[in-house]
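Structure record follows, encoded as structure tokens.
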Amino acid sequence: MKYDVNCIFCKIVNGDIPCAKLYEDDDVMAFLDVNPVTYGHALVISKDHYANFLSTPKDVMNKVMNVAQRIGQVQIEQLGAKGINILTNCKEAAGQEVQHFHVHVIPRYTSSDGFKLELKQLKDVNLPAIAKEIKEKL
Ligand code: AMP
């Protein structure tokens, strides 16, 4: 078990901090976000401590995403959500506050509910040059 003594989500996994638990198996846990932006806002985490999306092994990632998918389906079937947003903040520059890999599953009821994603467009971009820069390293 990868455990970080300073990590709040590790403490939840360990049962040292309570949570509104939705699901648990050997590798994955899901619980409600303590500061929900919409009704039923859930977090799905790896039980082992990995800092974020980039450092999580693929098999663990797949297990987390499978649970996230099912929770999203239930948010629609049971809570009456009209859609869901799947979000994983990766590193502080992207707004990650808890440095333990987690996926937000945010049920959406209207376009003006508690979740807003603002996408501002970059101007004057050279798409082929950017694509080349990334593609070369894949
Ligand atoms: P972020 O790291 O920005 O993706 O967000 C971390 C999320 O964890 C926030 O939405 C917090 O409200 C949530 N959170 C922090 N502590 C707890 C906790 N003890 N139980 C449930 N959710 C938590």
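Ligands are counted one by one from 1 in listed order, and the atoms in each one are counted from 1 as well. Heavy atoms only: backbone and side chains are in, while hydrogens, waters and symmetry mates are out.
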Return the protein residues near ligand 1 (heavy atom under 4.0 Å from any of its atoms), ordered by chain and residue number.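 Under the 4.0 Å cut-off, ligand 1 touches I8, F9, I12, F31, L32, D33, V34, N35, L43, N89, G95, Q96, E97, V98, H102, H104.
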
Could you tell me if the side chain of D4 sits less than 4.5 Å from the side chain of H100, heavy atoms only?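 When only atoms from C-beta onward are counted, D4 and H100 do not touch, as no gap falls below 4.5 Å.
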
Taking the side chain as every heavy atom from C-beta outward, state whether M61 and F53 have any atom pair closer than 4.5 Å. yes

Mark yes or no for whether K82, through its side chain, and S111, through its backbone, hold a donor-acceptor pair below 3.5 Å. no

Do any N or O atoms from the side chain of T38 and from the backbone of H41 form a donor-acceptor pair under 3.5 angstrom? no

Between OG1 on residue T56 and CE on residue M65, distance to nearest 0.5 Å: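 Spacing of OG1 (T56) from CE (M65) equals 11.5 Å.
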
Could you list the donor-acceptor pairs under 3.5 angstrom formed by side chains in residues 123-138, with sequence neighbours left out?
| from | atom 1 | to | atom 2 | distance (Å) |
| --- | --- | --- | --- | --- |
| N126 | OD1 | A129 | N | 3.2 |
| K132 | NZ | E136 | OE2 | 2.9 |

